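Inspection log for the structure reproduced underneath, given as structure tokens.
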Amino acid sequence: MLITSLIYLFAGTKYESALVKAPNDEAFKALGRVNLTGLTQGFRMAADAVVRNLDCQARKITTFEEIAQVGTTAANGDGEIGELIAKVFEKGWENDLITIFDRKALYNELNFVKGMKLEWGLKSPYFFTHKNKKECVLDGALVLIYDTKISNSNVIRQACLPCMMQGQSLLVVAEDVENEVLGDIATDFTCTTEKVCIIKAAGLAEDRKAIMEDLAILTGGQVLTGGSGMNSTYFVPLKLGSCKRVIATMDNVVIIGGSGELVDIQERCEQLRSTIKLSTSDKLKDRLAKLSGGYAVLKVCGHGKAEVREKKLKITNALHAVQAAKEEGIVPGSGVALLYASKELDKLQTTNSDQKIGVQIVQNALKVSIPLIIISFSISSCEPEIMAAYLIASNAGVDGSIIDKLLEQDSSDLGYNPARGNYVDMFKCGDVDPLKHVPSEFA
């Protein structure tokens with residue numbers, strides 16, 4: 001129970017292994033002479049006090065420089081990625097409005113494109129292109145929008161013909177598709193030659209058809225009605241829309257870079273705005289937001305697949321870090337925030353010695369075993385190195401008592417840079433952590 005509580009307190013954070021090991025040693029020593037219930041209560045009291053203190057230390061981020069700072073830190077000191085992420089959030093995009101491409105070029109590129117996210121999911125897991133992520137991704141897809149249930153495989157088969165000629169994928173959005181049609185598609189050479197993705201459009205008939213009309217305008221296509229699909233001359237490229245990318249899961253679909261005319265999209269948005277003035281329906285506002293919204297597209301370059309993969313991971317980390325920082329703020333990084341939070345544990349009033357021992361175990365763990373309590377910069381790379389606080393101090397040739405000196409400071413923003421032998425402001429030097437990523441999830 002004790003160890004499980006500690007693991008839960010710091011699970012999923014970079015402090016997990018260090019924070020669990022140190023209190024484990026002391027906890028096992030104390031098991032024979034303390035009451036387990038009291039010890040667990042001490043853990044709980046200490047954790048609650050640390051969380052409250054971290055909330056007080058947190059600062060909101062608002063400026064371009066602050067966002068870039070958080071992104072750079074999360075991307076292992078890559079300033080270029082930090083600035084790209086700052087540009088994305090400066091435009092107001094959220095994490096689910098950002099997509100990442102591979103790009104064969106010398107430089108990374110950031111573009112903002114029209115896009116739409118719908119709560120309509122894949123008809124079947126058969127269409128997954130990335131089974132580990134449980135999603136289907138299509139690049140350069142034609143879009144078939146069908147307002148009723150597809151009960152004849154010829155409808156999709158005929159739509160696949162222009163895809164084969166142009167070397168493109170096919171996105172099918174329909175009310176539903178018969179299971180027999182899915183079986184025909186899986187075995188039909190015309191459909192299996194190119195990637196096909198079928199989306200089942202949910203919702204009431206009236207709302208569904210209206211959203212389909214919005215999607216048709218966004219992609220530059222038309223909504224096809226039931227019965228017309230039997231005519232083979234009906235499916236010509238001009239009847240199909242197109243987009244740059246499709247990302248679909250079992251729950252939703254994102255259509256990015258639709259080829260619809262900007263004038264038509266703006267006209268449709270104005271119609272919706274006029275209708276909204278005469279109505280109180282939230283559905284109209286939701287449709288307007290979807291149609292007028294967009295996506296940030298980050299194109300990542302590199303000299304090989306390994307470098308591109310590494311950059312994409314850095315960008316993903318930076319996106320999550322900035323999003324977390326915008327939600328709950330930032331605190332001094334490298335474990336400094338937790339070090340200063342340990343001072344609060346001196347003020348805790350315990351009712352018995354067992355609780356006091358539990359509080360002391362957590363306090364010692366925060367002081368001794370936090371990696372990067374002292375900010376340490378490699379002379380060659382100027383990037384933080386993860387080491388225990390006293391070990392960093394010893395290796396830098398300074399006395400480990402500087403940790404005690406830090407605890408004597410009135411400001412909780414100070415850290416120590418052994419490379420230069422001076423105290424530094426953690427916020428100014430850029431070593432910060434999103435509060436959400438610091439182990440504050442203990443409830």
Side-chain angles (χ1 to χ4, degrees), residues 1-58 328 331-374 386-394 399-416 433 435-443:
M1 173 64 75
L2 299 177
I3 307 308
T4 302
S5 299
L6 286 170
I7 293 175
Y8 179 68
L9 168 58
F10 306 110
T13 71
K14 62 186 178 183
Y15 309 107
E16 179 178 357
S17 59
L19 281 172
V20 171
K21 182 182 183 302
N24 274 0
D25 296 339
E26 295 191 48
F28 281 124
K29 292 177 183 178
L31 287 180
R33 53 189 175 86
V34 299
N35 180 274
L36 297 183
T37 301
L39 195 63
T40 304
Q41 290 173 348
F43 286 153
R44 175 75 65 175
M45 293 170 62
D48 290 341
V50 169
V51 170
R52 288 193 298 270
N53 183 266
L54 290 173
D55 288 336
C56 294
Q57 292 187 51
E328 299 186 12
V331 294
S334 303
V336 169
L338 288 171
L339 175 65
Y340 286 119
S342 68
K343 295 169 62 176
E344 290 296 307
L345 303 186
D346 292 329
K347 305 174 185 177
L348 281 182
Q349 298 294 325
T350 57
T351 58
N352 55 60
S353 60
D354 298 328
Q355 291 181 359
K356 186 175 181 179
I357 291 175
V359 171
Q360 289 175 342
I361 288 175
V362 175
Q363 187 176 40
N364 291 339
L366 293 173
K367 287 182 178 180
V368 179
S369 297
I370 298 292
L372 279 172
I373 283 180
I374 301 176
I386 299 179
M387 299 176 69
Y390 288 104
L391 182 57
I392 293 175
S394 176
D399 194 289
S401 62
I402 60 172
I403 295 175
D404 299 324
K405 293 180 181 179
L406 282 176
L407 291 172
E408 295 172 0
Q409 304 296 322
D410 294 330
S411 172
S412 60
D413 301 341
L414 292 180
Y416 185 79
D433 284 334
L435 174 60
K436 199 172 183 178
H437 288 184
V438 179
S440 59
E441 296 86 359
F442 190 75

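These numbers come from a predicted model, not from an experiment.
Closest approach of A341 to V50, counting heavy atoms only: CB-CG1, 4.0 Å. Between A46 and V359 the shortest heavy-atom distance is CB-CA, 4.2 Å. Across all their heavy atoms, V362 and F43 have their closest contact at CG2-CD2, 3.4 Å.
A distance of 10.5 Å separates CG of L345 from CG of D48, quoted to the nearest 0.5 Å. Put simply, CD on Q355 and CD on Q41 are 4.5 Å apart, with the number rounded to the nearest 0.5 Å. Rounded to the nearest 0.5 Å, atoms CD (Q57) and CG (D55) are 9.5 Å apart. In this structure, the separation between CE on M45 and CD on Q349 is 8.5 Å, given to the nearest 0.5 Å. L348 contributes atom CG, which lies 11.0 Å from atom CD of Q360 (distance to the nearest 0.5 angstrom).
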### Task
Show your working on side-chain hydrogen bond (donor to acceptor under 3.5 Å, both in side chains) between Q363 and D346 and close with a plain yes or no.
CA-CA 9 Å; Q363 187 176 40; D346 292 329; 2.8 Å; yes
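When the options V331, L54, D433 are evaluated for a side-chain contact (heavy atoms from CB on, under 4.5 Å) with L338, the one that passes is L54.
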